[in-house]
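As structure tokens, the structure follows; a few thoughts come after it.
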There are 2 protein chains.
Amino acid sequence: MMKMKSGAEQGACILAMVGTQLADVPIKSDAISERLSASPSYLKKVMRKLVINGVINSVSGVNGGFTLAKDPKEISLYDLLIAIQGDNLFIKFGGGLKKVFPESEIAATGERILQDAFLQAETQYLESLKSISLHTILSQAIGTEEYQFVNWNEKVNDELFNQLQEAMSEGEIS
Amino acid sequence: MMKMKSGAEQGACILAMVGTQLADVPIKSDAISERLSASPSYLKKVMRKLVINGVINSVSGVNGGFTLAKDPKEISLYDLLIAIQGDNLFIKFGGGLKKVFPESEIAATGERILQDAFLQAETQYLESLKSISLHTILSQAIGTEEYQFVNWNEKVNDELFNQLQEAMSEGEIS
DNA sequence: CTATAATGGATATTTAATATCCACTTTGAG
DNA sequence: CTCAAAGTGGATATTAAATATCCATTATAG
């Protein structure tokens, strides 16, 4: 089975599907993994991360599946990334400098400076991602504010997307 | 042999040693790997990355070793990270969305938005790291501007660092 | 010429990410 | 109440990437 380059990209695709799914019909994980040609069991674990982090909701059983847990305007790339990657995202500095300068304050001071610097950088990174919401991405890409119009659980006619695109390029400017 | 958590931390330790080495005596890679209790051959490859990226210089042969390629004020954490990690640092988005919305512009537009957003975030991250120089870290941690005073190729008396610390805490404020 | 140190390629090992399998729980329908 | 469909969770397997080793080569000083 083909491997996704990164869990984050997979997460983005998941949100694209959950976010465009008809609001009252939960999307099944199998529908997503099929479309992404991704490992069904692993994809479920990825989706679970999104559930645990409050990005999507899940319901078990017949008619079960996944829905967005919040308004798409309240779901940012920050939320996506934190949910998928947790704190495994960035460089972590341990106590390496202690080997260079043992038993003096030099190592401790140095590490503090390093940690502050990277924390600062990480904060900038994450803050930047907070400004892009799922709503922004979907409405811009699809060209309409009513993007919850697909039932991915059924066979999807991909031509529909083309028609939509054409209609948009004539009518309104997104 | 103990493994370093991350190449970046190892790189920081390397720069700490090269940066405090007596200016006219190149430091040998074996002196560094011994002190860091790191794999000598792998550490050489890490150092090679720093050489290739213009952070340090190398000389082969007897009396050979490594020296800083630039003024410590001109070496930033950005330089370190780029040298060590290259472009493997961040999330990369491939063409995953094309599976969700095939053959329409939706995927292309979506990916462009995502890529822009992450590029923006990465830029913020890296720019932030540019503001911290090796000079800043060493002078702050050690407490003096004359930090190129160690010959790591010889047996180092670690007590010296403690004495230095004490002298600093009496005399000047760093 | 020789000893020392960095370089580079091929390969091995280890770790983390990805994937699979299966037993379990939850839910709605009949 | 039972059954089938769907998510959950744990144990484990596979794969890819990072780390490590080995060894032959090149560069340099004496």
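First the proteins, then the strands, lettered A, B, ... as listed; each starts at 1. Keep in mind the model is a prediction, meaning the values are calculated, not measured.
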If the cut-off is 4.0 Å, is [X] near the phosphate of [N], judged by side-chain N/O to OP1 or OP2?
X     : N      : result
B/S41 : D/dC22 : no
A/S29 : D/dG7  : yes
A/S39 : C/dT20 : yes

| said: Tell me whether the count of non-hydrogen atoms from other residues, nucleotides or ligands lying under 6.0 Å of CD in B/Q115 goes above 12. | reply: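 More than 12 within 6.0 Å, yes.
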| request: Between A/S58 and B/N63, just flag the one whose closest nucleotide in DNA chain D comes earlier from the 5' side. | output: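 Final value for this comparison: A/S58.
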| What are the residues of residues 42-50 of chain A, sorted by number, that bring a heavy atom to within less than 4.0 Å of DNA chain D? |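 DNA chain D contact set from residues 42-50 of chain A: A/K44, A/K45, A/R48.
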| message | Side chains of B/S6 and A/K92 only: does a donor on one sit below 3.5 Å from an acceptor on the other? | response |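 Absent: no donor and acceptor within the cut-off.
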| query | Going by heavy atoms in the side chains, are B/N151 and B/I27 under 4.5 Å from each other? | reply |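 No - every pair of side-chain heavy atoms lies 4.5 Å or more apart.
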| said: Could you tell me if the side chain of A/I32 sits less than 4.5 Å from the side chain of A/M47, heavy atoms only? | reply: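 In short, these two side chains touch, coming nearer than 4.5 Å.
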Interatomic distance, [X] [atom1] vs [N] [atom2] [rounded to whole Å]:
X      : N      : atom1 : atom2 : value
B/I56  : C/dA5  : CD1   : P     : 16 Å
A/F66  : C/dT26 : CZ    : C1'   : 13 Å
B/L36  : D/dA20 : CG    : P     : 11 Å
A/N153 : D/dA5  : CG    : P     : 14 Å
B/I84  : D/dA18 : CD1   : P     : 13 Å
A/D30  : C/dT20 : CG    : C1'   : 14 Å
B/I52  : C/dA6  : CD1   : C1'   : 12 Å

| With sequence neighbours left out, which residue pairs that include part of residues 11-39 of chain B fulfil the ring pair (Phe, Tyr, Trp, His ring centres under 6.0 Å) condition? |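 Output for this query is empty, none listed.
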| request: Using the ring pair (Phe, Tyr, Trp, His ring centres under 6.0 Å) rule, collect all pairs that involve residues 119-143 of chain B, keeping only residues at least two apart or in two chains. | output: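 For residues 119-143 of chain B: A/F90-B/Y125, B/F90-B/Y125, B/H135-B/Y147.
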| request: Please collect all side-chain hydrogen bond (donor to acceptor under 3.5 Å, both in side chains) contacts where either partner lies in residues 55-78 of chain B, sequence neighbours excluded, each pair once. | output: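 Residue pairs with at least one partner in residues 55-78 of chain B: B/S76-B/D79.
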| said: For B/K44, give me all partners under side chain to side chain contact (heavy atoms under 4.5 Å, CB included), at least two apart in sequence or on another chain. | reply: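 Residues passing side chain to side chain contact (heavy atoms under 4.5 Å, CB included) with B/K44: B/S29, B/D30.
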Nucleotide N/O of nucleotides 24-28 of chain D paired with protein N/O under 3.5 Å:
unit_1: D/dT28; atom_1: O2; unit_2: B/V62; atom_2: N; d: 3.4

| task | Verify, without hydrogens or angle tests, whether B/T20 (side chain) and B/M17 (backbone) share a donor-acceptor contact under 3.5 angstrom. | result |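 Indeed, once roles are kept as given, a pair shorter than 3.5 Å links the two residues.
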